[in-house]
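What follows is a short report on a single structure.
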Amino acid sequence: EMCKVIEEMRKQEREEGREEGRIEGYLSLLFKLLRNGTLTIEQAAANNETSIPVLLDQLRNAGYDVSLKENGTVFGIES
């Protein structure tokens, strides 16, 4: 019985780790597309069904030093 509980906990931890990895990979790709101008911040926010400030906060919380240029493109440094 205890083994089943431990196995279920490990399974849940692996699933959470995979989800975190997917999110990190997605944000990394998104940052690169924004930085090189392939995607605008407006397009990225619309595709993510969020606002520009929220999207910028998500990127910053993931460790990206991002700012907006006057023309609306993103620049920053990957941490």
Side-chain angles (χ1 to χ4, degrees):
E1 186 68 27
M2 187 60 125
C3 291
K4 288 181 182 180
V5 171
I6 292 171
E7 181 63 31
E8 186 60 35
M9 288 174 50
R10 288 181 177 162
K11 181 180 175 185
Q12 184 176 357
E13 288 173 358
R14 284 191 302 270
E15 289 172 6
E16 289 172 1
R18 285 186 192 110
E19 180 63 19
E20 287 177 17
R22 282 191 285 274
I23 291 169
E24 288 175 15
Y26 175 77
L27 289 174
S28 175
L29 176 60
L30 182 63
F31 177 76
K32 290 172 186 172
L33 292 171
L34 288 166
R35 188 175 59 189
N36 72 19
T38 302
L39 191 64
T40 67
I41 192 69
E42 291 84 4
Q43 292 168 324
N47 287 337
N48 287 288
E49 299 178 355
T50 191
S51 68
I52 292 171
V54 169
L55 180 58
L56 291 173
D57 284 344
Q58 289 173 336
L59 287 165
R60 288 181 184 120
N61 289 339
Y64 297 97
D65 180 15
V66 295
S67 299
L68 286 179
K69 295 180 183 178
E70 286 184 25
N71 65 3
T73 60
V74 170
F75 73 95
I77 300 169
E78 194 169 352
S79 300

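In this chain, residues are counted from 1 in sequence order.
Considering only heavy atoms from C-beta on, L30 stays 4.5 Å or farther from N47 through its side chain. N48 is listed as a side-chain neighbour of Y26, based on a closest heavy-atom distance under 4.5 Å.
Between the CG atom of L34 and the OG1 atom of T40 there is a distance of 8.0 Å, given to the nearest 0.5 Å.
A 6.0 Å sphere centred on CD of E16 holds more than 12 heavy atoms belonging to other residues, nucleotides or ligands. Within 6.0 Å of the CD atom in E15, the count of heavy atoms belonging to other residues, nucleotides or ligands exceeds 12.
When each of E7, E19, E20 is checked for a salt bridge (charged side-chain N to carboxylate O under 4.0 Å, His left out) with R14, only E7 meets the rule.
Taking each heavy atom of E42 and I52 in turn, the nearest pair found is CG-CD1, 4.0 Å. Of all heavy-atom pairs spanning S51 and A45, the tightest one is C-CB, 4.0 Å. Residues N36 and L33 share a closest heavy-atom pair of OD1-O, 3.0 Å.
Ion pairing between E13 and R10 fails under the 4.0 Å rule for side-chain N and carboxylate O.
Note: the hydrophobic cluster containing L39 also contains L29 (ILVMFWY, side chain heavy atoms under 4.5 Å, direct or indirect links).
Between the side chains of E8 and Q12, not a single donor N or O lies within less than 3.5 Å of an accepting N or O.
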